[in-house]
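Just below is one structure, and these are the notes that go with it.
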Amino acid sequence: MASLATHFSAFVLLSPVGLRRLLCSSSLYLRNPSQFRAKTWYFSDPKWKNFDLYSLIIALPIASFSEIFLFLAFSGHPTYRFAFFQQSATIFLFWLLLLLIICRENLDPMHIDEGFVFVLAAITFFIEYSVIGKGISGLGGTMYDMLGALTLACAFSCLYLSFRPWSFFAEFFLSSGLVFKGTWMLQLGLSLYTDTFGLKGCKKMAVWPKESENAEFKCDLEEDGLRGLAVMTLLFIGHAIGVMVLSFVLFGWLARNWNWRCGEASGPLLQQLESEHQLVLMRPTSQEIELE
């Protein structure tokens, strides 16, 4: 929340995770739509292919510590200062969620229900929504409200997948939402925290102690603020269209190119699908034996 660097880091972490999730879930759905089940994380073999998970395990504690450092070092208004602590706690919750997913993968999956993990993910997204934009007012707060809407979409997608894991639409929505969150975080960093890519007639995000207790994205004239809001709204729509086009193009490309599908050759997901497929094939045989 504090600078372009933090927003760029969020983009680097979120968008690749969303793209990989979209790639793997689409691959499994195209392989056998009737047996598709959404996963909290799509693990691959060999383990080095899960580099996005390992990078998050390393990066999230660092990001959480950075927010705590800003909380302790910042000497501004308590409202804006406490927002750093809230962000740090939220990042730490996501890190704990990833540790739970890893433990479930390495231990017996039957001990931890996957629907329960999706519920925890939804709760974590709801907590993130409650702290997004805290300590920011004015036009900047409105822009962060758009980010909050994306977080709510991810939360409801996780909640829906907790009791309907075979819903590919919810999985597709969650994956695209993560990509969208990443690209929009980058856009906020460029538009709110830089002068080069900032909006015309507006100053980059700053704390104005004599005027407000929050950080604010100020514009010289009211017309500049209205124009800036219109531009950011159009950019938000443009990001939405771009992400959806990318998602559909990726899905169509996977449908035509079998060799590039995720999890087609090996891995625990493929083994699980094959075992489920064998059980389905065995059921008619057992019924025929009973009839005989």
Side-chain angles (χ1 to χ4, degrees), residues 1-15 18 66-67 70-71 73-87 90 125-126 128-156 173 176-247:
M1 184 179 67
S3 66
L4 172 62
T6 56
H7 287 74
F8 181 76
S9 300
F11 162 72
V12 171
L13 293 175
L14 283 173
S15 291
S66 300
E67 295 287 345
L70 291 173
F71 167 72
F74 189 73
S75 58
H77 196 276
T79 303
Y80 183 67
R81 181 186 178 189
F82 190 65
F84 292 110
F85 176 78
Q86 293 174 316
Q87 291 286 340
T90 303
F125 276 117
F126 281 124
E128 182 191 9
Y129 170 75
S130 67
V131 303
I132 286 179
K134 291 293 184 181
I136 298 176
S137 58
L139 182 59
T142 303
M143 298 178 188
Y144 276 101
D145 288 341
M146 299 177 185
L147 181 65
L150 298 177
T151 304
L152 278 181
C154 293
F156 283 115
F173 208 65
S176 301
L178 291 174
V179 178
F180 196 173
K181 280 191 66 176
T183 61
W184 188 244
M185 283 291 289
L186 178 62
Q187 184 65 60
L188 290 179
L190 293 173
S191 299
L192 300 182
Y193 295 92
T194 64
D195 293 324
T196 305
F197 299 97
L199 301 175
K200 183 179 180 181
C202 300
K203 302 177 182 178
K204 65 180 181 180
M205 186 78 70
V207 180
W208 311 88
K210 297 182 180 180
E211 300 181 17
S212 175
E213 62 184 22
N214 297 327
E216 189 173 356
F217 184 69
K218 295 188 63 176
C219 298
D220 297 332
L221 301 174
E222 183 179 357
E223 291 78 5
D224 294 331
L226 294 175
R227 182 177 61 249
L229 179 60
V231 170
M232 292 304 293
T233 302
L234 289 176
L235 286 174
F236 185 83
I237 296 173
H239 277 259
I241 295 174
V243 170
M244 291 306 297
V245 169
L246 174 64
S247 301

For the residue pair Phe126 and Phe156, establish whether any side-chain heavy-atom pair is separated by less than 4.5 Å.
-> yes
Nearest heavy-atom pair of Leu14 and Leu178: which atoms, and what distance?
-> CB-O, 3.8 Å
Work out which heavy atom in Ala155 is nearest to a heavy atom in Phe125; give both atom names and the distance.
-> CB-CB, 3.5 Å
Here the gap from Cys202 atom SG to Lys200 atom NZ, rounded to the nearest 0.5 Å, amounts to 11.0 Å
Provide the closest heavy-atom pair for Gly133 versus Tyr144 in the form atom of the first, atom of the second, distance.
-> CA-CB, 3.9 Å
Closest non-hydrogen atom pair between Leu150 and Trp184, with its separation = CD1-CB, 4.2 Å
Distance, nearest 0.5 Å, that separates OG of Ser191 from CE of Met232 | 4.0 Å
Can you tell me how far CG of Leu229 sits from OG1 of Thr142, rounded to the nearest 0.5 angstrom?
-> 6.0 Å
Which value, rounded to the nearest 0.5 Å, describes the distance between Leu192 atom CG and Lys203 atom NZ?
-> 15.5 Å
Please tell me if the side chains of Cys219 and Leu139 come closer than 4.5 Å, counting only heavy atoms from C-beta onward.
-> yes
Looking at Phe236 versus Phe180, is the centre-to-centre ring distance below 6.0 Å?
-> yes
Rounded to the nearest 0.5 angstrom, the CD-CE distance for Gln187 and Met146 is 10.5 Å
Closest contact, heavy atoms only, Gly177 versus Cys154 = C-SG, 3.9 Å
Which pair of non-hydrogen atoms, one from Met143 and one from Gly228, has the smallest distance, and what is that distance?
-> CE-O, 4.5 Å
dist Thr194:OG1 -> Lys204:NZ (nearest 0.5 Å) comes out at 8.0 Å
